[in-house]
*Asks:* 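One structure follows; several queries about it will come next.
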Amino acid sequence: MLRLCTLVLGALLCLPTLGHAQNVPAQRTDIAITNARLVTVSDGIVENGTLVIRADTIAALGADVDIPSGVNARYDAEGHAVYPGFIDSGTRLGLVEVSSLSETQDYSEIGSLTPHMDALTAVNPNSISIPVTRVDGVTTVITEPSGGQWPGQAALIDLLGYTPEQMHVDGVRYMVLNFPSTGRRGTSDTRSEDEIEEEAQEALDELNTLWEDATLYADIQANRNDDDTGHLPEYAPAYDALVPVVTGEQPIMLKVDKAADILDALEWAEEREILDQIVLSGVSEGWRVADAIADAEVPVLTGPVIALPTRASDRYDTAYANAGRLHDAGVTVALRSGESSNVRNLPFHAGFAAAYGMGTEAALEAITLTPARIFGVDDRLGSLEVGKQATLFVADGDPFEPATQITRLFINGYNVPLESRHTELYEEFLNRSPGLEK
Amino acid sequence: MRTVFLFLLSFGLVWTSTAQPGPDRLRADAPNSVLIQNATVHTVTNGTLDTADVLVQDGVIASVGTDLSAPSGVDTYDATGMHLMPGIIDAHSHIAISDVNEATRPVTAQVGVGDVLDPYDVRIYRALAGGVTTSHVMHGSANVIGGRNETIKHRYGMTHPNALRMEDAPRTIKFALGENPTRVHGESSDVVPRTRMGVESVIREALTEAQRYQALQDAYDAGDRSAPPPHSERLEMLADILSGDLIVHAHSYRADEILMLMNVLGDFGVDEITFQHVNEGFKVAPELAEFGAGASIFSDWWAYKFEVYYSTAYNAAVLTRNGVNTSINSDSPDLNRHLYHQAAKAQRYGELSDEETLALITINAAEQLGIDDRVGSIEEGKDADLALFSDHPLSIYAVPQRTYVDGTVRFDRNDDPDDMRLQVDPESVVEETVVWHDTGTRHGACMQQTGMHLHANETGVRLHN
């Protein structure tokens, strides 16, 4: 809190907090962060560097930087490290508040065919989980709808803003497709092998029929004259939503985990000549078919890393090692936590991937520059570069290490207070008053 | 006949001396003596020793120091650059049992998970691969007073259920407060409790009944009655709670219900308890400390149900700073594989010292289970339950290398094969792939077999009937 006061120019905001923590609004102030270790991701590490933020942008950075006149605020990082904000490539953040309460679950609509559902619509900008996430340096996430074959569209959001549109990054939306699965949905899934196969085949037939229908629907739409009001096809919102997908304009987030399903999915996409339109998400058995994924040149959003193996016979650490093995095979890998209230653990998922074969550098890229490239927003996110969005944080050590403290956070140029329900309850209850006395 | 008798006698002697009956399919020939050299030794109770040695003889820590030499016949293991800590203790687990919840009545003290131990559960090995050597295997949380728990050692490879039991560990019993019992019994079956008021009344009634049962038993023992009361296994167990012979471990979340149970136990003269989960423990840390209650918590799980919406990951720090004996547990066959990492988050959220943090998963848990005379720290005379890491165990880059139980290597990262199952289903043609989708799937097993449980599928976590 006190450090924030040295930074923020508005004197009113510098009043010490009494009783319970107050919610200080995020402020945008031109500022120079000095004496910092700049972990750029794109261009190595600058020791003892300076990074200048003007408005929403990184205006300058390097070892020798002339701070432009007009930039009056300073933050002496005392040798701490500056990182680009971390990007989680698969969450449910903002779509659920209390996971067991159906009233707060907005990620799964009725029906298997709901591509017209838009996650952005249901993102709650005031979800308690959002500040809890960003104070650990995770600034940008994919938030996904789920359930059925076509659950809807996932969106890329920054974790600051009061409307979903304000949070939305560059209009990025992915159409989510749950590829027909021959895996089990958990230990309580007691279907027989035959039932599973049968259901998967039915789902695949359904998918293919739907694709043809949507293509036909798109053709009709494309060839219809605007004034031909007498021959409107019946309005089908699901087909409507799939038009940009079957015409190759919208990317598909294809969710698939089991090795055989991954191969089937790649074959399916190749037949339709849409390999360059898909990213794979989940991919927990990717290591079994890593070469095939690499050959297809399809990027992968994998995780959670800290997870159980998919098979009882698997080596205990297959989930930890999966990302590294995919990376070694030449696959473009970004990481996802698959979380909602604990997306803050993304850096730890990256840390486990790093420790189990991926290495720190590749794991860092997998939650910064790589997802930014996959989502086509590397002109503004994913690394510390002049001209990019000032979405970054300062940490007193390696942010993969649990003991490290995040000491400053900027999202889109806003200096965001490091407060959340978790810090507020800590402040209130560490030395509770009254204590035991009445 | 005589031969048979001798055979039985010798079998009995083996049983008493080692309490590890049955064949060991994995480590039958492995030694239980070793000299581990040149490790950074985190004793937990006596500081950290750089470049130190630990001598293990016959499954027991014989000495801790520098430049120790191996007695003849004892192998050495060069742990240069590695970190050695006490075997990790998970104070809340549901691995290694075939049943979890006797979810038929609000009070089922007569059952115990010790009757359904499953030594073939590969999750025991996976816990070992995270340095965990002891688990407090608990009954589920469907009932206000559930069944007895079992403290086990991870002697994976031994196939007799009795081989898992930790000999002489105090007996414990599961209580559960709040949403789970009120949902299972009140909401679903129209049986008290439907509220937290009802939960209190169920406990008071049960303990009062036990008091009366014991009074009749005492009167009979003193010759004041001609017959004992009709035998009730349930009341025998409840009476053991009153006498302090059966320790309560209570699934709980909210501050009010935590205070309630301390009041109730106080009224019945029970002064020992560990609260499990305790997400709102931070709110009543002074009261917990005053009572002397333990708190066994999650590092950062919250928001998976309403009673954990007002949580903080700083819980461990607030409890520890207020003098509450605190441990971090898993309640999960995933999290128990990285309790060292779960504990480490107490350094992100509250900046606990290394020693305080390691204590959360070792000596503090041992104290809560009443086994701190045997495990939980690296001290001479204690069981040689040890976990060896490539790096500082609280570092994200730490990779467990070896885990010893009673001095025997039961996990070895370099030597163990990938497939560590002890049995394979002969009817299973194709091996099943279970896909652990997304959020919540790694949540605990507390509500297994309630007929209504937290269930994860591709659409998320839901309650199922």
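Every heavy atom of this structure was used, including side-chain atoms; hydrogens, water molecules and symmetry mates were not. Below, chains carry the letters A, B, ... as their sequence lines are ordered, and counting in each starts from 1.
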*Asks:* Go through the atoms of A:P399 and report whether side chain, backbone, both or neither lie under 4.5 Å from a heavy atom of chain B.
*Replies:* backbone

*Asks:* Short question: side chain of A:S341, backbone of B:W302 - any donor-acceptor pair under 3.5 Å?
*Replies:* yes

*Asks:* Looking only at side-chain N and O atoms, does A:Y316 offer a donor or acceptor that is under 3.5 Å from a partner on B:R413?
*Replies:* yes

*Asks:* To the nearest 0.5 Å, what is the distance between OG on B:S311 and CD1 on A:I128?
*Replies:* 12.0 Å

*Asks:* Determine, stepwise, if the pair B:K345 / A:N345 fulfils side-chain contact (heavy atoms from CB on, under 4.5 Å).
*Replies:* CA-CA 10 Å; B:K345 293 182 204 173; A:N345 284 334; 3.3 Å; yes

*Asks:* Could you tell me if the side chain of A:S313 sits less than 4.5 Å from the side chain of B:D418, heavy atoms only?
*Replies:* no

*Asks:* Give, for atom OG of A:S100 and atom CD of B:E307, the distance between the pair rounded to the nearest 0.5 Å.
*Replies:* 8.5 Å

*Asks:* Taking the side chain as every heavy atom from C-beta outward, state whether B:R337 and A:I306 have any pair of such atoms under 4.5 Å apart.
*Replies:* no

*Asks:* Looking at every non-hydrogen atom in both residues, tell me the closest pair between B:S395 and A:E401 and how far apart they are.
*Replies:* OG-OE2, 2.7 Å

*Asks:* Which region of B:V284, side chain (C-beta onward) or backbone (N, CA, C, O), has a non-hydrogen atom less than 4.5 Å from a non-hydrogen atom of chain A, or is it both or neither?
*Replies:* both

*Asks:* Contact between B:Y397 and A:F400 at the side-chain level, heavy atoms closer than 4.5 Å - yes or no?
*Replies:* yes

*Asks:* Does A:I110 have more than 12 heavy atoms from other residues, nucleotides or ligands lying within 6.0 Å of its CD1?
*Replies:* no

*Asks:* Do A:V98 and B:Y304 have side chains that get closer than 4.5 Å, going by heavy atoms?
*Replies:* no

*Asks:* Which bit of B:D416 comes within less than 4.5 Å of chain A, counting heavy atoms only: side chain, backbone, both or neither?
*Replies:* backbone

*Asks:* Determine whether a donor-acceptor pair (N or O, by modelled atom type, separation under 3.5 Å) exists between the side chain of B:Q347 and the backbone of A:T404.
*Replies:* no

*Asks:* Does a side chain donor of either A:E427 or B:Y314 reach within less than 3.5 Å of an acceptor in the other side chain?
*Replies:* no

*Asks:* Under 4.5 Å from any heavy atom of chain A, what part of B:N322 do you find: side chain, backbone, both or neither?
*Replies:* side chain

*Asks:* If you look at every heavy atom in B:I396 and A:A355, which pair is closest and at what distance?
*Replies:* O-CB, 3.8 Å

*Asks:* Counting only non-hydrogen atoms closer than 4.5 Å, does A:L430 touch chain B with its backbone (N, CA, C, O), its side chain (CB onward), both, or neither?
*Replies:* both

*Asks:* Return the CZ to CG distance between B:R421 and A:D314, rounded to the nearest 0.5 Å.
*Replies:* 9.0 Å

*Asks:* So what's closer than 4.5 Å to chain B heavy atoms on A:V343: side chain, backbone, both or neither?
*Replies:* neither

*Asks:* Heavy-atom pairs under 4.5 Å with chain B: which of A:I196, A:V132, A:N431, A:T182 has the most?
*Replies:* A:V132

*Asks:* Do B:H341 and A:F348 come close enough that some side-chain heavy atom pair is under 4.5 Å?
*Replies:* yes

*Asks:* Do A:E97 and B:F306 have side chains that approach each other closer than 4.5 Å (heavy atoms only, starting at C-beta)?
*Replies:* no

*Asks:* Checking A:R432 against B:K283 for the side-chain contact (heavy atoms from CB on, under 4.5 Å) test, could you report, in this order, the C-alpha distance in whole Å, the side-chain angles of both residues, the deciding distance, and whether it holds?
*Replies:* CA-CA 8 Å; A:R432 198 185 76 185; B:K283 292 183 176 175; 5.7 Å; no

*Asks:* Looking at side-chain heavy atoms only, is the closest gap between B:T433 and A:R184 below 4.5 Å?
*Replies:* no

*Asks:* What are the two closest non-hydrogen atoms of A:P402 and B:A344, and how far apart are they?
*Replies:* CB-O, 3.5 Å

*Asks:* Examine whether an atom of B:E287 lies under 4.5 Å from a heavy atom of chain A, and if so say whether it belongs to the side chain, the backbone or both; otherwise answer neither.
*Replies:* both

*Asks:* For side-chain contact (heavy atoms from CB on, under 4.5 Å), just list the numbers for A:L308 and B:R126, CA-CA rounded to whole Å, side-chain angles, deciding distance to a tenth of an Å, and then say yes or no.
*Replies:* CA-CA 9 Å; A:L308 285 163; B:R126 289 177 172 173; 4.3 Å; yes

*Asks:* Only pairs of heavy atoms separated by less than 4.5 Å count here; which of B:D391, B:V399, B:N315 has the most with chain A?
*Replies:* B:V399

*Asks:* Does this structure show an ion pair linking B:D419 with A:R315, if we count only N-O contacts that are shorter than 4.0 Å?
*Replies:* no

*Asks:* Find the one option among A:D398, A:D136, A:T360, A:D317 whose heavy-atom pairs under 4.5 Å with chain B are most numerous.
*Replies:* A:D136

*Asks:* Could you tell me if the side chain of B:Y310 sits less than 4.5 Å from the side chain of A:R421, heavy atoms only?
*Replies:* yes

